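Here the structure is laid out as structure tokens; the discussion comes afterwards.
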Amino acid sequence: MSAEVAARRSSVFWVALFLIGMFGTGIGARVAGLSGVWTMIVMLPPMLLLIPMIRSVERSSAAQGCASPALQRYNRRALTWSFAYVAMLFLAITVNDRLHPQGPLLWAIAILPALPILYMVWSFHRYLVEETDEYLKMRNIGNALVGMGVVLAVATVWGFLESFGVVPHAPGWLVVPLWGFGLGAAQIWRMVRGA
Amino acid sequence: MRNRLKVLRAERDWSQQDLAERLEVSRQSVNAIETGKYDPSLPLAFRIADLFGMPIEEIFQRD
């Protein structure tokens, strides 16, 4: 087995473990009827799987010859915003549950989990500015456009279905995981096609 | 667009990784250019031409 195949299998393993850990724990917490704060606490261990996952993806990228310093910096920033997001969400839910704030404090608490996501948007912009490898840049812009297409398509269709009372309301923050899903799907599609 | 990158690289006994390091790009970029999946920008095409000491049109040709 070549080093490239071994690295790719390792990254698939860690990505699968992370997704199973996150979804499995999330579903388990819901079934057990845990409160918001306890859900956040039990979600932390599977969240830590992000670290070996990102490292294995980096090793796989290096073995496939598509690693770049800009991409490494982007991955480090992704770790930062991911953990910051969990911390901010934990803080916001805890303060909201215990203090039941009103007025400006409620606004501040509600906006807190959005800040790491804004940092994510900025970090993707930084990646595009810092990436000197034009082929990798073109590929990643293409992947991001697929993500954006998925967001526009799903949000538009869902929005009209919601307006006509066919489906329940969906929170606006779902656009971020939806974008990530589209981007990831485009990456996997390229990997499968060898493009 | 066709190119002679693979032949020129083989003549010098360079791997894709060797060429990628000389051009300061990823190995995937070299592979994509060689296999015709990606046409390089003019600045990168000039860098390739400079590296091989040849005019661009001797490396890249129209289909």
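In what follows, chains are A, B, ... by sequence order, proteins preceding strands, each numbered from 1. Here the structure is a predicted model, which is why all the values come from computation and not from measurement.
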Check your understanding: Shared ILVMFWY cluster between A:V15 and A:L49, side chains joined below 4.5 angstrom?
Key -> yes

Review point. Distance from B:D39 atom CG to A:Y135 atom OH, nearest 0.5 Å?
Key: 11.5 Å

Exercise for review: Could you tell me whether a side-chain N or O of A:D133 sits under 3.5 Å from a main-chain N or O of B:S26, the two making a donor and an acceptor?
Suggested key: yes

Review point. Transitively linked via ILVMFWY side-chain contacts under 4.5 Å: A:L128 with A:L71?
Key: yes

Practice item. Could you please spell out the steps behind the side-chain contact (heavy atoms from CB on, under 4.5 Å) verdict for B:Y38 and A:E134? Key: CA-CA 10 Å; B:Y38 177 68; A:E134 60 185 47; 2.9 Å; yes

Review point. Hey, is CH2 on A:W107 packed in by over 12 heavy atoms from elsewhere, all under 6.0 Å?
Key: no

Review point. Between B:R27 (side chain) and A:A63 (backbone), is there a donor-acceptor pair under 3.5 Å?
Key: yes

Check your understanding: Are there residues of residues 40-56 of chain B that reach to under 4.5 Å of chain A by heavy atoms, and which ones?
Key -> B:P40, B:S41, B:L44

Review point. Any link between A:I41 and A:L44 through a network of hydrophobic side chains (Ile, Leu, Val, Met, Phe, Trp, Tyr) touching at under 4.5 Å?
Key: yes

**Study point:** Atom CZ of A:R55 with >12 non-hydrogen neighbours under 6.0 angstrom
**Key:** no

Practice item. Identify whether A:L50 and A:V57 are in the same connected component of the hydrophobic contact network (ILVMFWY, side-chain heavy atoms under 4.5 Å). Key: yes

Check your understanding: Cluster question for you: counting only ILVMFWY and a side-chain heavy-atom cut-off of under 4.5 Å, with indirect links fine, are A:F23 and A:V176 together?
Key -> yes

Practice item. Count the heavy atoms belonging to other residues, nucleotides or ligands that lie under 6.0 Å from CZ of B:F60, then report whether that count exceeds 12. Key: yes

